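Pasting a structure here, questions to come.
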Amino acid sequence: MSSGESGSGTLFSNPAADDARHSFRDKRAGLVDKTMSVRDAVTRFVHNGDYLAIGGFGVDRIPTAVLHEIVRQKKQELSFAGHTATHDFQILAAGNLTGRGKLLAKVDIAYVVGLEARGLSPHARRVMQSGEVESCEWSNYALAVRLRAAASGVPFLPARSMLGTDTFRMSAAKTIICPFTGAKLVAFPALYPDVAAIHVHEADRYGNCRIRGTTVADLDLARASKRVIITCERLIPTDVIRTEPDRTLIPFSCVDAVCEVPFGSYPGNMPYEYYSDEPHLREWLCAERSPDTHLPFLKRNIFDVDSFDEYLHRNGGIERMRQLRACELLLDQGM
Amino acid sequence: MSNPEYNAMELMICLASRLLENGAIVAVGTGVPCAAAMLAQKTNAPGLVIMFEAGGVAPQLPTMPISVGDSRTFHRGLMATSMCDVMETATRGMIDYAFLGGAQIDSYGNLNSTMIGHNYNTPRVRLPGSGGANDLASLCWRVIVVTNHDRQRFVDRLDFVTTPGYLTGPGAREAAGLPPGTGPYRVITDLAVMGYNAVTCRMEVLSLHEGVSPALVRERTGFEIEIPDIASRTTPPTAHELEILRTQVDPHRYVIGRGSKARDESAA
C-alpha cells in the first residue's frame with residue numbers, strides 16, 4: 001500500500017485508532033444525569049486549542065446556542081471541521097478579526113464562507129483571506145468518511161472522491177491501491193474531534209438522542225468525538241426512550257452534556273419544528289459588509305447577550321417562533 | 001399562446017428541467033439545480049427521483065429548498081437518511097445525474113468553486129470549496145452544469161480544479177481512478193446549450209438560444225469552443241413551463257429574480 005500520491009495539506013488531527021481507544025476508555029460517559037446549562041457545558045468541555053466539529057448541515061439542525069457561547073467565552077485557537085458549514089461557520093468566524101483574539105486557527109475545508117443560495121459571508125471571507133487561519137481542502141463526503149473511519153475505530157477508510165483534482169492535491173489524503181482488485185482509491189484519515197456539538201429533537205438526561213429527518217453525518221460524528229455536547233428541543237423521560245429503543249440514534253455512552261434549548265437551531269431550520277429565519281440571516285449577511293455595522297450587530301446578538309433565550313427574545317420571541325413553525329409545517333401555504 | 005417574455009435565469013431553468021427524464025435519479029446542488037429539478041417534477045418528469053447530499057431522498061418538493069439540507073429536501077420523501085448513504089449510492093453507480101450550479105469552468109468541464117488567485121494560502125477571493133460537488137461529479141454517471149456565460153467563468157485555465165470534469169482530456173478520469181463511463185454531459189448557460197465531443201472530451205455548442213450569434217459565444221468564452229456551422233436553435237420556454245416556474249416553483253423569485261440582469265452583467 002505504498003508509492004501512492006499524497007496531498008500536500010497538513011493533517012490537523014491524529015488519526016491513530018489506538019490513541020483514540022485510550023481516550024474513549026477513559027471517557028466512561030455512563031448512565032448519570034448530564035443535564036446542565038449551555039454555559040457550563042462549553043466551559044467544561046470546549047477547551048482552547050481543541051478540534052471542534054458541529055452537527056447538522058450549516059443552517060439546518062445546528063446547535064446555535066453552543067456556537068454563540070463558544071464565541072462569548074472567547075475560546076481561542078480552535079481547529080474546525082468545515083463540513084457542510086454555513087451559518088455555524090459564520091458564527092465562529094465572529095471570533096476572528098473582531099478584537100477578541102483568534103477563535104479559529106485551523107480549518108479542514110469542505111464548504112465554508114458560503115450560505116448556499118443566500119450568498120457568501122463577507123466576514124467569513126475576510127477571515128479566510130487574512131492568512132491567519134491555516135486550511136486544508138476536502139469534500140463534504142471526504143469529511144463524512146473521515147468521521148466514519150473514526151467511528152469505526154480504524155485509522156482510515158477508502159473512497160473514490162477527490163481523485164485527479166486540486167482538492168486532493170491540497171488535502172492531507174493519500175491514494176492507495178486496492179490489495180484485491182488493483183483499483184486506485186483515496187485513503188481518508190480518521191477524524192477524531194476533541195469535541196462535537198449536535199442539536200437533536202429529543203434526549204433524556206443521560207444523552208440518549210432522537211433525531212427526525214436527515215442525520216447528515218451526525219451518527220458518526222457523535223461516535224467519533226472524544227467529547228459530545230447535545231442540545232435538544234425537549235428533554236424526555238428515559239422511560240419513553242425505553243418504550244422505543246429503535247428510535248435512539250445516539251446513545252448515552254457517547255454523550256458528555258445534555259442541554260435543553262427550545263428553538264435551539266434558530267435561526268436555522270429544525271425539521272418538523274420550525275423553518276429558517278431568512279430575513280434574520282439576510283440581515284446578518286448585510287451587517288457583515290462593514291465592521292461599522294458588523295460589530296454592533298454581533299454585540300446585539302452574541303457578545304452582549306446573556307442567554308440563548310434572550311437572543312430569541314431580541315429577534316421576535318415566541319411570536320416569531322410561531323411564524324417560523326407555521327412556515328415549516330406549510331400552514332402558511334394553506335396546509 | 002404568443003411568445004412569452006422570460007429572463008435568462010428562467011430560460012436556463014426551463015432548459016435544464018427538460019434534461020431530467022421521468023424515472024431518472026438526480027442529485028442536485030443548491031439554487032438553480034433545485035429549481036430545475038422541481039420544475040421537471042411538475043412538468044415532464046413527475047417520477048423524477050431527487051436526492052440531496054444531506055440525506056433527503058425522493059421528496060415531493062412543496063417549495064424550493066433554500067439549503068440542500070433543509071426540511072423541504074425530504075418533504076413527503078421516501079427516505080430521510082445520511083450523507084454517507086447518498087454518496088455511497090452514487091459510488092455504487094445508482095445516481096444518473098449530478099446537477100451543479102456554476103463557478104469557473106474550463107473546456108473539459110472541470111469546475112472551480114474553491115478560490116480565485118494563484119496562491120492557495122493567500123487567495124484573492126476565497127470561495128466555499130467543494131461541498132458535495134467533487135463527490136457527486138466523481139461518482140454520478142453524468143454531470144449537468146448551469147451557469148452564466150462570460151469570460152470570468154468560461155476560462156482557459158482554472159485557478160483551482162475543485163471538481164473533476166474530463167480533467168486533462170480523454171482517458172484522464174479513468175487514469176486518475178474515477179469510475180469509467182462517468183463525466184460531464186451538458187452545460188446550460190444564458191447563451192447556449194453545450195455538450196462534449198466524444199473524441200476530444202472538449203466542450204462544444206449543441207444549440208444557440210434565440211438572438212445569440214456564434215460570435216457572441218466565442219466572445220464570452222475564454223477557450224476555443226467548437227460551434228457547428230449551422231447550429232440548431234434552442235427551443236424557448238413554453239408559457240406552461242414559465243407559469244409553473246413562476247407560480248409554483250419560485251413564487252418569491254429567490255432564483256429567477258437573479259436572472260433579469262444575467263446577460264448584461266456577463267457583458268462586463
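A note on names: the letters A, B, ... follow the listed sequences, proteins ahead of strands, and every chain is numbered from 1. What you see is a predicted model, and the numbers here were worked out from it, not measured in a lab.
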Can you tell me how far the OG atom of B/S82 sits from the CD1 atom of A/I211, to the nearest 0.5 Å?
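Between atom OG of B/S82 and atom CD1 of A/I211 there are 11.0 Å.
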
Below 4.5 Å from any heavy atom of chain B, which atoms of A/L163 appear? Answer side chain, backbone, both or neither.
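For A/L163, backbone and side chain are both near chain B.
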
Say you draw a straight line from NE2 of A/H83 to CE of B/M83; how long is it, rounded to the nearest 0.5 Å?
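Answer for the NE2-CE pair, A/H83 versus B/M83, is 4.5 Å.
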
Residue A/E278 versus chain B: region with a heavy atom under 4.5 Å
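Side chain only.
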
Contact class of A/A183 relative to chain B, heavy atoms under 4.5 angstrom
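No part of A/A183 comes within 4.5 Å of chain B.
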
A/V59, part contacting chain B, at a heavy-atom distance under 4.5 Å
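The answer is the side chain of A/V59.
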
Which bit of A/A159 is near chain B, if near means a heavy-atom gap under 4.5 Å: side chain, backbone, both or neither?
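When you check distances to chain B, no heavy atom of A/A159 falls under 4.5 Å.
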
Less than 4.5 Å to any heavy atom of chain B: does that hold for the side chain of A/Y275, its backbone, both, or neither?
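The answer is the side chain of A/Y275.
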
Could you grab the distance from atom CZ of A/R61 to atom CG of B/D70, nearest 0.5 Å is fine?
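One finds 13.0 Å between CZ of A/R61 and CG of B/D70.
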
With a 4.5 Å cut-off on side-chain heavy atoms, are A/I109 and B/R126 touching?
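Contact flag for B/R126/A/I109 side chains = yes.
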
Check the side chains of A/S135 and B/Y120 for a donor-acceptor pair under 3.5 angstrom, ignoring hydrogens and angles.
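Per modelled atom types, B/Y120 and A/S135 side chains form a pair under 3.5 Å.
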
Measuring heavy-atom distances to chain B, does A/C136 have an atom under 4.5 Å in its side chain, in its backbone, in both, or in neither?
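For A/C136, backbone heavy atoms alone lie under 4.5 Å from chain B.
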
Taking side chain as everything from C-beta outward and backbone as N, CA, C, O, which of these in A/N269 sits under 4.5 Å from a heavy atom of chain B? Side chain, backbone, both or neither.
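A/N269 touches chain B through side-chain heavy atoms alone.
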
Could you grab the distance from atom CZ of A/R160 to atom OG1 of B/T182, nearest 0.5 Å is fine?
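Spacing of CZ (A/R160) from OG1 (B/T182) equals 8.5 Å.
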
Need one label for A/R118: side chain, backbone, both or neither, based on atoms under 4.5 Å from any heavy atom in chain B.
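Looking at A/R118, just its side chain touches chain B.
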
Tell me, side chain or backbone of B/I66 under 4.5 Å from chain A's heavy atoms, or both, or neither?
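Looking at B/I66, backbone and side chain both touch chain A.
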
